[in-house]
Amino acid sequence: MSDSFAPLLARIQDRAATVGVIGLGYVGLPLARALAKAGFRVLGFDVDAAKVTKLNAGTSYIKQIPDATVAEMRANRFEATDAFDRLSEADAILICVPTPLTDAREPDLSYVTGSARAIADRLRAGQLVILESTTYPSTTRGDVLPILEKSGLKAGTDFFLAFSPEREDPGNPTHTVAHIPKVVGGLDSHSGDLACALYAAIVPQVVRVSSPEVAEACKILENTYRAVNIALVNELKVLYDRMGIDVWEVIDAAKTKPFGFQAFYPGPGLGGHCIPLDPFYLAWVAKRHGMNTRFIELAGEVNTAMPAFVVSKIADVLNDAGKPVRGSKVAILGMAYKKDVDDPRESPGFELMELLLNKGAAVTYNDPHIPVLPRMRHYPNLAMTSSALTPEYLAAQDCVLIATDHTAYDYQLIVTHARVVVDTRNATKKVTEGRGKIVRA
Ligand SMILES: NC(=O)c1ccc[n+]([C@@H]2O[C@H](COP(=O)([O-])OP(=O)(O)OC[C@H]3O[C@@H](n4cnc5c(N)ncnc54)[C@H](O)[C@@H]3O)[C@@H](O)[C@H]2O)c1
């Protein structure tokens with residue numbers, strides 16, 4: 001029996017525990033907020049000193065988290081820091097750092113292993129470590145555990161280790177930490193008990209599974225399921241387009257079936273930090289087990305072909321007006337990867353912009369949530385600011401492309417003033433006047 005377990009469980013149950021959250025991004029910050037609200041003292045760790053300064057001053061850098069929320073967190077004993085020595089102050093440490101792909105599209109676990117090393121250097125008996133970052137099954141046991149045990153402390157007796165995936169749905173106010181059940185897999189029963197006790201304080205339901213591997217595989221299943229189903233409707237979009245059938249009308253009709261069908265929608269390509277990347281973590285680990293995950297590869301192929309399909313539609317539309325792409329004015333509406341968020345990560349808008357620029361189009365954009373394009377790793381040269389969405393601006397374009405269906409847009413105004421609108425999101429569904437100018441892509 002571990003001497004560390006009972007006191008830590010009591011500290012968690014009494015909310016006397018200090019919780020450390022490493023990585024204060026789209027996942028870590030809402031989590032820190034929920035923990036602080038539940039009464040825990042929360043220490044947020046981030047390598048980005050500018051973020052730390054902002055948070056401690058009560059200001060936010062994520063649109064969905066207003067300044068008032070950060071101020072409330074500060075009042076609830078939340079503190080941000082880049083002093084990783086303070087990890088020893090935390091009773092529980094949650095790792096919420098990025099898990100991107102390398103240029104060779106292989107898992108880049110360097111942020112996770114770097115965080116594990118930072119913890120291991122200060123690990124003390126009686127700490128609980130939980131990995132939240134999305135990754136392939138076996139990471140917690142195979143990659144994180146050995147680093148932590150280099151401290152000389154033993155998991156399950158001295159310290160505790162679990163995996164619990166985040167299920168953030170940015171931009172959706174009904175899907176916050178407080179609304180979404182959380183899957184938890186402990187390395188051993190004590191680790192599972194402690195992690196479940198911690199999350200029970202902030203989520204409506206804790207779903208305990210038998211191991212970290214099951215929890216890791218569950219998260220990747222959820223994201224792969226989306227990637228594959230989106231690929232299916234994207235492929236059907238191209239087919240139905242050739243056949244003169246509106247795929248959106250088809251999906252709306254199909255979803256009236258009360259069983260056995262879940263609606264997924266086509267788009268200009270995948271975006272965000274999860275769906276375009278995570279399935280490739282699974283594909284990579286599958287190869288280590290001598291297997292190819294063909295569904296994942298095929299879905300990736302179909303989804304990554306979508307921006308080129310959209311650009312071919314724009315070329316057709318311009319051709320119909322007797323214009324080449326070169327020199328034509330194209331406005332992209334929406335550079336965020338999904339509606340109503342300010343997150344540009346992996347957004348197809350960037351690829352659309354680059355493809356159009358490479359063909360010589362005069363491209364500008366508007367996004368009410370992204371006033372200036374950030375420097376993206378794969379698109380370092382797309383420096384641009386958002387154009388004002390005025391009737392004059394719309395009328396001056398040869399083609400207006402709706403890449404993201406932000407709620408803030410007045411779609412009737414857009415259609416009224418544009419010469420032609422290429423709509424990749426069915427955003428103009430309710431527009432009544434000028435429907436002849438709308439082309440789906
Ligand atoms: N964004 C989502 O909707 C979402 C949903 C579910 C799961 N996830 C997963 O959660 C993880 C985090 O994603 P995110 O969207 O919050 O990323 P993010 O980029 O928004 O935030 C990551 C934060 O970690 C910080 N950071 C980077 N390296 C660090 C280090 N070594 N130590 C401390 N801080 C460090 C960055 O400065 C940043 O603030 C990823 O594995 C992602 O796949 C994301």
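Bear in mind that the values here come from a model prediction, so they are computed numbers and not experimental data. In listed order, ligands and their atoms are each counted from 1.
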Could you pull out, from Pro98, Gly23, Ala49, the option with a heavy atom nearest to atom 27 (C) of ligand 1?
Pro98
Of Val27, Val112, Asp46, Leu24, the residue with the heavy atom nearest atom 8 (N) of ligand 1 is Val27
Can you list the ligand 1 atoms lying under 4.0 Å from a non-hydrogen atom of [X]?
X      : result
Thr99  : 40 (C), 41 (O), 43 (O)
Arg345 : 1 (N), 14 (P), 15 (O), 17 (O), 18 (P), 19 (O), 20 (O)
Lys219 : 6 (C), 7 (C)
Ile22  : 32 (N), 33 (C)
Lys51  : 37 (O), 38 (C), 39 (O)
Pro170 : 3 (O)
Tyr111 : 27 (C), 28 (N)

So that I know where these two stand, are Tyr225 and Phe264 an aromatic pair - ring centroids less than 6.0 Å apart?
yes
Kindly say whether Arg124 contributes a backbone atom to a donor-acceptor pair with the side chain of Gln127 at under 3.5 angstrom?
yes
Check for a donor-acceptor pair, side chain of Tyr111 on one end and backbone N or O of Pro98 on the other, with a separation under 3.5 Å.
no
Member of Ile65, Val21, Asp46 meeting the side chain to side chain contact (heavy atoms under 4.5 Å, CB included) criterion with Leu29:
Ile65
Test Pro266 against every option in Met306, Arg425, Lys237 by the side chain to side chain contact (heavy atoms under 4.5 Å, CB included) rule and name the one that passes.
Lys237
Once the angle between the rings of Tyr265 and Trp248 is folded into 0 to 90°, is it parallel (under 30°), tilted (30 to 60°) or perpendicular (over 60°)?
parallel
In terms of ring plane angle, is the pair Tyr136 and Trp284 parallel, tilted or perpendicular, where the classes change at 30° and 60°?
tilted
Please list the nearest protein heavy atom to [atom] with its residue and the distance rounded to 0.1 Å.
atom                    : value
atom 11 (C) of ligand 1 : Val97 O, 3.4 Å
atom 21 (O) of ligand 1 : Gly25 CA, 3.1 Å
atom 29 (C) of ligand 1 : Val47 CG2, 3.5 Å
atom 13 (O) of ligand 1 : His273 CD2, 3.4 Å
atom 9 (C) of ligand 1  : Thr134 OG1, 3.4 Å

Would you say Tyr26 and ligand 1 have an N/O pair spaced under 3.5 Å apart?
yes
With a distance cut-off below 6.0 Å to the six-membered ring centre and an angular limit of 45° from the axis, does Lys54 pair with Tyr61 as a cation-pi contact?
no
Pairing residues for Asp343 by the side-chain contact (heavy atoms from CB on, under 4.5 Å) criterion, not counting sequence neighbours
Tyr26, Tyr337, Val341, Arg345
Does at least one non-hydrogen atom of Cys274 fall below 4.0 angstrom from an atom of ligand 1?
yes
Would you kindly say whether Asp340 and Thr407 are connected by a side-chain donor-acceptor distance under 3.5 Å?
yes
